[in-house]
A.B. asks: 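Below is one structure. I have some questions about it.
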Amino acid sequence: MKADRIRMQILELLSQAEAYEGRLAYHQLGWAEWDAARNDAPPDWLIEGDDALVKPFESLAERLYLSTIRLLETEALPVYLRQFLARFGEPFNTNQAATVYDIDVLGNGEPYIVFLAQLREFLAPLDVANRSSHYLRFTGIKYLERVLNNTASIIQKSGENPTSETGVYQVVRNVLEAFFPSAISPKSNFLKTAQEYKPDILIPELSTAIEYKYAKDEAKLKATIAQISDDVKGYSGDVDYDLFYAVFYVTSDFWGKEKFDLIWKEKGFPENWRGIYVVGN
């Protein structure tokens with residue numbers, strides 16, 4: 001059904017937006033703390049964070065807004081649509097959606113983005129997060145991303161001291177195989193005339209492929225990002241995989257997360273490619 005496809009689109013957009021939420025909320029908290037002091041020029045990391053966090057979130061917020069309108073129109077819910085427009089504005093203010101935050105004083109005390117909290121509340125009666133196979137994939141991807149982002153912690157607890165990409169991804173794969181059985185003996189058809197592309201980790205049940213890169217200096221990090229950019233075209237031709245992760249494991253924090261995100265964005269990777277920056281312990 002058309003409405004189900006729109007729901008899946010909203011779920012995917014929510015997943016992408018929530019990947020920014022924590023960092024974006026703390027970024028806005030940083031602006032608020034600087035604004036309260038106002039004793040010097042804003043630091044570069046705040047200015048750069050606007051490009052790395054605020055702008056991509058604004059784009060996601062706009063798409064979430066339009067997709068929700070489309071869902072309400074498809075489901076012929078004019079009263080609910082009017083309520084949606086009244087709550088989120090017409091026209092929609094993307095900058096406000098990306099910059100207004102609050103503190104969860106009754107929960108974990110962490111800052112959060114108000115727009116996402118309100119949108120999740122609004123979408124709840126629309127059965128967006130139903131228990132379909134698509135939603136199970138959605139939740140699986142959220143868990144996968146948590147594992148990938150915690151690569152350094154997983155390796156530290158394993159007692160291993162990897163010095164190569166293979167050493168890194170083998171430790172993580174052992175963890176993922178315990179939760180995603182299809183990752184134990186996966187197959188792919190990323191075949192090209194000149195070579196066969198083999199991702200480091202494949203999770204068929206999530207239609208996801210993962211490539212790990214290891215860098216012990218800044219020059220190597222730059223080279224590995226360029227290599228992934230070249231490999232993107234190679235990872236095609238297999239309809240069983242449509243989501244790709246590139247995990248960059250660095251031995252020191254050469255760039256910082258915000259600079260990495262900015263450079264990743266500048267490379268113009270397709271939307272189904274996600275870059276993760278991990279600093280080894």
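We use all heavy atoms of the structure for the numbers below, so side chains are in, but hydrogens, waters and symmetry mates are not.
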A.B. asks: Test of understanding: clusters of I, L, V, M, F, W, Y form through side-chain heavy atoms closer than 4.5 Å, transitively. Do Ile225 and Val279 belong to the same one?
C.D. replies: yes

A.B. asks: Quick one: does Ser207's side chain get under 4.5 Å of Asp240's, heavy atoms only?
C.D. replies: no

A.B. asks: Got a donor-acceptor contact below 3.5 angstrom from the Asp102 side chain to the Val114 backbone?
C.D. replies: no

A.B. asks: For Tyr245 and Glu145, test the side chains for any donor-to-acceptor distance below 3.5 angstrom and give the result as yes or no.
C.D. replies: yes

A.B. asks: Write down the atom of Pro162, the atom of Gly167, and the distance for their closest heavy-atom approach.
C.D. replies: CB-C, 3.5 Å

A.B. asks: Show the numbers, then the answer: is there a side chain to side chain contact (heavy atoms under 4.5 Å, CB included) between Leu176 and Val147?
C.D. replies: CA-CA 8 Å; Leu176 291 174; Val147 171; 3.7 Å; yes

A.B. asks: Please assess Tyr277 against Asp253 for the test side-chain hydrogen bond (donor to acceptor under 3.5 Å, both in side chains), listing each intermediate value before the final yes or no.
C.D. replies: CA-CA 9 Å; Tyr277 181 79; Asp253 193 4; 2.8 Å; yes

A.B. asks: Please check: side-chain N/O of Arg87 versus main-chain N/O of Arg82, any donor-acceptor pairing under 3.5 Å?
C.D. replies: no

A.B. asks: Nearest 0.5 Å please: distance from the CG atom of Leu64 over to the CZ atom of Arg120.
C.D. replies: 10.5 Å

A.B. asks: Quick check: does any side chain N or O of Ser182 sit under 3.5 Å from a backbone N or O of Glu205, one acting as donor and the other as acceptor?
C.D. replies: yes

A.B. asks: If you apply the rule side-chain hydrogen bond (donor to acceptor under 3.5 Å, both in side chains), what do you find for Tyr26 with Glu110, and how did you get there?
C.D. replies: CA-CA 9 Å; Tyr26 272 105; Glu110 297 289 319; 2.2 Å; yes

A.B. asks: Classify the angle between the aromatic ring planes of Phe244 and Tyr235 as parallel (below 30°), tilted (30 to 60°) or perpendicular (above 60°).
C.D. replies: tilted

A.B. asks: Do Tyr212 and Ile201 have side chains that get closer than 4.5 Å, going by heavy atoms?
C.D. replies: yes

A.B. asks: Determine yes or no for a side-chain-to-main-chain donor-acceptor pair under 3.5 angstrom, with Ser158 supplying the side chain and Glu160 the backbone.
C.D. replies: yes

A.B. asks: Has the side chain of Asn150 got a donor or acceptor atom that lies under 3.5 Å from a matching backbone atom of Ser153?
C.D. replies: no

A.B. asks: For salt bridge (charged side-chain N to carboxylate O under 4.0 Å, His left out), just list the numbers for Arg23 and Glu18, CA-CA rounded to whole Å, side-chain angles, deciding distance to a tenth of an Å, and then say yes or no.
C.D. replies: CA-CA 10 Å; Arg23 288 177 293 139; Glu18 287 170 346; over 6 Å; no

A.B. asks: Just by modelled atom types, is the Ala246 backbone N or O under 3.5 Å from a matching donor or acceptor in the Glu211 side chain?
C.D. replies: no

A.B. asks: Between Tyr80 and Phe122 (side chain of the first, backbone of the second, donor and acceptor by atom type, cut-off under 3.5 Å), is there such a pair?
C.D. replies: yes

A.B. asks: Once you round to the nearest 0.5 Å, how far does NZ of Lys220 lie from OH of Tyr214?
C.D. replies: 10.5 Å

A.B. asks: Are the side chains of Leu85 and Ile69 in contact, using a 4.5 Å heavy-atom criterion?
C.D. replies: yes

A.B. asks: Does any non-hydrogen side-chain atom of Leu60 lie less than 4.5 Å from one of Tyr20?
C.D. replies: yes

A.B. asks: Considering only distance and modelled atom types, tabulate donor-acceptor pairs under 3.5 Å from the side chains of residues 90-98, sequence neighbours left out.
C.D. replies:
unit_1: Asn93; atom_1: OD1; unit_2: Asn95; atom_2: N; d: 3.2
unit_1: Asn93; atom_1: OD1; unit_2: Gln96; atom_2: N; d: 2.9
unit_1: Asn95; atom_1: ND2; unit_2: Glu58; atom_2: OE2; d: 2.9

A.B. asks: One pair to check against salt bridge (charged side-chain N to carboxylate O under 4.0 Å, His left out): Glu48 and Lys265. What are the steps and the verdict?
C.D. replies: CA-CA 13 Å; Glu48 293 171 357; Lys265 180 182 177 182; over 6 Å; no

A.B. asks: Enumerate the ring pair (Phe, Tyr, Trp, His ring centres under 6.0 Å) contacts for residues 144-184, please, sequence neighbours excluded, ordered by first and then second residue.
C.D. replies: Tyr143-Phe179

A.B. asks: Taking C-beta and beyond as the side chain, do Ile10 and Ile6 meet within less than 4.5 Å on heavy atoms?
C.D. replies: yes

A.B. asks: Mind checking whether Trp45 and His27 have parallel, tilted or perpendicular rings, split at 30° and 60°?
C.D. replies: perpendicular

A.B. asks: Calculate, to the nearest 0.5 Å, the distance between atoms CD and CG belonging to Glu258 and Asp50 respectively.
C.D. replies: 9.0 Å

A.B. asks: Decide salt bridge (charged side-chain N to carboxylate O under 4.0 Å, His left out) for Glu75 and Arg70; before the verdict, give the C-alpha distance in whole Å, the side-chain angles of both, and the deciding distance to 0.1 Å.
C.D. replies: CA-CA 9 Å; Glu75 295 280 44; Arg70 185 180 174 206; over 6 Å; no

A.B. asks: Counting N and O atoms only, with roles assigned by atom type, does the side chain of Thr224 sit under 3.5 Å from a partner on the main chain of Leu221, one being a donor and the other an acceptor?
C.D. replies: yes

A.B. asks: Rounded to the nearest 0.5 Å, what's the gap from CD1 on Ile113 to CZ on Phe57? Could you check?
C.D. replies: 5.5 Å

A.B. asks: Is the closest side-chain heavy-atom distance between Leu144 and Ile210 below 4.5 Å?
C.D. replies: yes

A.B. asks: Kindly compute the distance separating CD1 (Ile276) from OG1 (Thr151), expressed to the nearest 0.5 Å.
C.D. replies: 7.0 Å

A.B. asks: Go through the structure and list residues passing salt bridge (charged side-chain N to carboxylate O under 4.0 Å, His left out) with Asp51, not counting sequence neighbours.
C.D. replies: Lys55

A.B. asks: Is the shortest side-chain heavy-atom distance between Ile155 and Asn161 below 4.5 Å?
C.D. replies: no

A.B. asks: Where do Tyr241 and Ala209 come nearest, in terms of heavy atoms and distance?
C.D. replies: CD2-N, 4.2 Å

A.B. asks: Do Val278 and Phe248 make a side-chain contact, defined as non-hydrogen atoms from C-beta onward lying under 4.5 Å apart?
C.D. replies: no

A.B. asks: How many angstroms lie between atom CZ of Arg5 and atom OG of Ser67, to the nearest 0.5 angstrom?
C.D. replies: 13.0 Å

